[in-house]
Amino acid sequence: MVLEGYLNHPPQGPGQEGELYPVARFGVDRPLLLLGTDGFIGQAAAKRELESSWAAMLSHGRTRRRQIDRAAHWVFTDYASLAPQLQAAGLMTAEARRALVGAVEPAVSVPRVRHHVRSFFARHLAR
């Protein structure tokens with residue numbers, strides 16, 4: 001399982017693509033879940049790089065992609081619950097919260113992340 005992680009080395013220079021990790025070049029012999037968000041933070045070039053490495057992985061089969069909508073990268077961490085509380089306490093702006101975890105409420109995002117992780121492992125791990 002990959003939670004919005006790159007599947008390639010960092011580029012050597014601006015405008016270049018990083019070399020794909022072997023897993024993205026050759027694929028896997030077991031199921032793999034790529035779980036991402038629609039609000040991936042960072043520069044447009046960083047998002048293109050992530051998408052490029054994920055596309056390479058998806059081309060081999062045995063890999064599925066799922067997405068958490070209205071979310072940003074750090075929704076996969078405790079920030080999903082903490083950032084809204086910090087915003088409510090006036091310790092974080094709404095803009096900073098959206099950049100960190102997206103606009104999705106923790107009552108929605110935390111169960112969605114758990115659902116995707118639990119479903120993947122329930123389906124693919126021997127009991």
Side-chain angles (χ1 to χ4, degrees):
M1 177 175 303
V2 177
L3 302 178
E4 206 161 62
Y6 292 95
L7 297 172
N8 58 344
H9 295 279
Q12 294 291 324
Q16 298 177 345
E17 288 193 21
E19 181 184 348
L20 291 174
Y21 293 141
V23 69
R25 271 187 302 195
F26 305 115
V28 291
D29 63 352
R30 60 202 68 186
L32 177 67
L33 174 65
L34 303 175
L35 184 57
T37 66
D38 65 342
F40 179 73
I41 59 175
Q43 303 168 352
K47 183 171 184 164
R48 280 192 307 273
E49 188 177 332
L50 177 84
E51 292 294 332
S52 174
S53 69
W54 279 26
M57 189 73 233
L58 288 163
S59 72
H60 298 294
R62 297 206 56 122
T63 301
R64 298 291 176 261
R65 180 181 185 160
R66 299 290 179 262
Q67 179 173 290
I68 308 293
D69 293 329
R70 300 184 56 231
H73 179 73
W74 293 100
V75 77
F76 298 116
T77 71
D78 291 342
Y79 286 132
S81 295
L82 295 174
Q85 294 176 55
L86 292 171
Q87 180 189 352
L91 300 171
M92 176 180 271
T93 65
E95 182 180 328
R97 173 198 170 173
R98 281 191 303 276
L100 192 66
V101 298
V104 64
E105 292 297 322
V108 174
S109 66
V110 172
R112 280 189 189 158
V113 171
R114 288 178 180 168
H115 164 77
H116 287 298
V117 171
R118 189 179 304 120
S119 294
F120 177 79
F121 286 122
R123 189 170 326 136
H124 300 294
L125 287 182
R127 296 176 199 208

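The first residue of the sequence shown is numbered 1, and numbering continues consecutively from there.
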Taking the side chain as C-beta and beyond, is there a heavy-atom pair between [X] and [Y] under 4.5 Å?
X	Y	result
Arg112	Val75	no
Phe121	Met1	yes
Met57	Val23	yes

Give a yes or no answer on whether the side chain of [X] reaches the backbone of [Y] with a donor-acceptor pair at less than 3.5 Å.
X	Y	result
Ser119	His116	no
Asp69	Thr37	no
Trp54	Gly5	yes

One should read off an interatomic distance between Glu49 CD and Leu7 CG, to the nearest 0.5 angstrom, of 10.5 Å
To the nearest 0.5 Å, atom OG1 of Thr63 lies from atom CG of Leu33 at 9.0 Å
Only pairs at least two apart or in different chains count here, so list each side chain to side chain donor-acceptor pair (under 3.5 Å) that has a residue in residues 14-27. Glu17-Ser52, Glu19-Arg25
With the 4.5 Å side-chain cut-off for hydrophobic clustering, are Leu20 and Leu34 part of the same group? no
Membership question, hydrophobic clusters at under 4.5 Å side-chain separation (ILVMFWY): are Val101 and Val110 in the same one? no
Could you give the side-chain donor-acceptor pairs of residues 80-97 under 3.5 Å, partners two or more places apart or in another chain?
| residue | atom | partner | partner atom | Å |
| --- | --- | --- | --- | --- |
| Gln85 | NE2 | Ser81 | O | 3.0 |
| Gln87 | OE1 | Arg97 | NH1 | 3.1 |
| Thr93 | OG1 | Ala96 | N | 3.0 |
| Arg97 | NH2 | Val104 | O | 3.3 |
| Arg97 | NH2 | Glu105 | OE2 | 3.3 |

Heavy-atom pair with the smallest gap, counting every atom of [X] and [Y]:
X	Y	answer
Val28	Arg30	CG2-O, 2.9 Å
Pro111	Pro106	CD-O, 3.5 Å
Ala24	His60	O-NE2, 2.8 Å
Glu4	Leu50	CG-CD2, 4.0 Å

Aromatic ring pairing Phe120/His124, orientation class (parallel under 30°, perpendicular over 60°, tilted between): tilted
